[in-house]
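Quick note: numbers below take in every heavy atom, side chains included, and nothing from hydrogens, waters or symmetry partners.
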Amino acid sequence: MNFYGLMTQGGAVSQIVAILLLTMSVASWVVILWKAWLLHRATGDVARSTAAFWQSASVDEASVKVAAFDRERLVLPLIAATDMKAGQTLASAGDRSQQLTRVLRDALHAVLNKLQFGQVLLATVGSTAPFVGLLGTVWGIYHALIGIAGAGQITIDKVSGPVGEALIMTAAGLAVAIPAVLAYNIFGRTIGRIEADLEGFARDLRELFSHQRQNG
């Protein structure tokens with residue numbers, strides 16, 4: 001009996017478990033490939049964008065240069081946030097430094113949400129897939145034993161085959177979970193480094209524009 005045979009003989013529960021594991025695997029691999037591409041671009045883009053900003057003579061020139069490097073739009077929102085318009089709302093209350101802190105924090109949160117997208121799915125797949133596979137194994141063994149008991153004579157040969165095949169579900173659950181866990185940890189470290197660079201840049205922007213306004 002192969003894996004397909006186990007699914008057809010294990011009943012609806014085994015089929016649902018198999019479909020669920022397949023869906024989790026496809027979803028996690030789509031996220032893994034997409035995030036690997038995104039973070040690879042983002043790592044280099046953030047470094048080049050911040051370097052281009054500080055090498056520019058003005059904010060307008062810096063925005064043009066950064067736009068050429070910042071393909072994932074991680075740095076440009078921080079620069080745009082510093083262009084605050086005067087108003088009569090509570091958002092404009094306080095001194096320049098406080099206003100900059102608020103708008104840069106909001107922009108930074110939006111950028112980090114983009115980097116964090118998909119991490120929850122990877123964590124969920126990594127933590128639940130083994131248990132989903134174990135559920136399939138338990139049900140497969142139960143279903144196999146019921147079938148053997150109904151056949152009458154029970155021997156080791158008749159038990160070992162169905163039970164061994166039911167254990168495939170546990171292996172399938174681990175095969176789905178392991179890549180998701182590894183990717184989650186690797187991506188988490190990369191996101192942490194990018195986040196530290198963006199937070200440092202946002203802090204420098206706040207100091208720069210606060211100082212300019214005070215001198216003005």
Side-chain angles (χ1 to χ4, degrees), residues 1-46 71-74 77 105-150 156 158-199:
M1 186 188 303
N2 54 23
F3 186 71
Y4 176 76
L6 176 62
M7 295 307 96
T8 57
Q9 296 189 22
V13 173
S14 294
Q15 295 175 12
I16 292 173
V17 168
I19 293 172
L20 182 58
L21 286 175
L22 178 61
T23 302
M24 295 170 74
S25 178
V26 171
S28 63
W29 275 107
V30 168
V31 171
I32 288 171
L33 295 176
W34 172 73
K35 285 192 70 71
W37 173 78
L38 171 71
L39 295 178
H40 175 72
R41 283 162 53 104
T43 300
D45 288 357
V46 169
R71 293 171 292 181
E72 300 302 328
R73 295 299 185 265
L74 301 175
R105 181 182 62 237
D106 294 341
L108 184 61
H109 286 170
V111 168
L112 294 181
N113 285 338
K114 181 188 297 186
L115 292 175
Q116 292 285 350
F117 184 81
Q119 288 292 95
V120 172
L121 185 143
L122 293 178
T124 302
V125 171
S127 60
T128 60
F131 297 102
V132 174
L134 183 60
L135 172 62
T137 294
V138 172
W139 179 260
I141 292 175
Y142 169 76
H143 201 274
L145 292 178
I146 291 297
I148 293 172
I156 293 298
K158 290 182 178 181
V159 173
S160 60
V163 170
E165 289 168 349
L167 291 174
I168 295 175
M169 280 292 197
T170 299
L174 292 174
V176 173
I178 290 174
V181 172
L182 292 176
Y184 175 84
N185 291 332
I186 293 172
F187 293 158
R189 287 194 294 270
T190 303
I191 292 171
R193 290 194 295 268
I194 298 174
E195 179 179 352
D197 292 339
L198 291 173
E199 287 179 347

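- Between the OG1 atom of T124 and the CE atom of M24 there is a distance of 8.0 Å, given to the nearest 0.5 Å.
- D45 CG to I194 CD1: the interatomic distance, rounded to the nearest 0.5 Å, is 9.0 Å.
- Taking both residues in full, the closest heavy atoms of F117 and K35 are given as O-NZ, 3.0 Å, listed atom of the first, atom of the second, then distance.
- Closest approach of V132 to V17, counting heavy atoms only: O-CG1, 3.4 Å.
- Under the 3.5 Å distance criterion, the side-chain polar atoms of S25 are left unmatched by any main-chain donor or acceptor of L21.
- Smallest separation of non-hydrogen atoms from A107 and P77: CB-O, 3.8 Å.
- Interatomic distance, L122 CG to W29 CH2, rounded to the nearest 0.5 Å: 10.5 Å.
- Side-chain atoms of S28 do not come within 3.5 Å of backbone N or O of A180 as any donor-acceptor pair.
- Looking at every heavy atom in both residues, L38 comes nearest to K114 through CD2-O, 4.3 Å.
- Expressed to the nearest 0.5 Å, how far CG of L39 lies from CZ of R189 amounts to 12.5 Å.
- A distance of 8.5 Å separates CE in M169 from CG in L135, rounded to the nearest 0.5 Å.
- Here the closest non-hydrogen pair linking L198 and L74 is CD2-O, 3.8 Å.
- Smallest separation of non-hydrogen atoms from F187 and A36: CZ-N, 3.7 Å.
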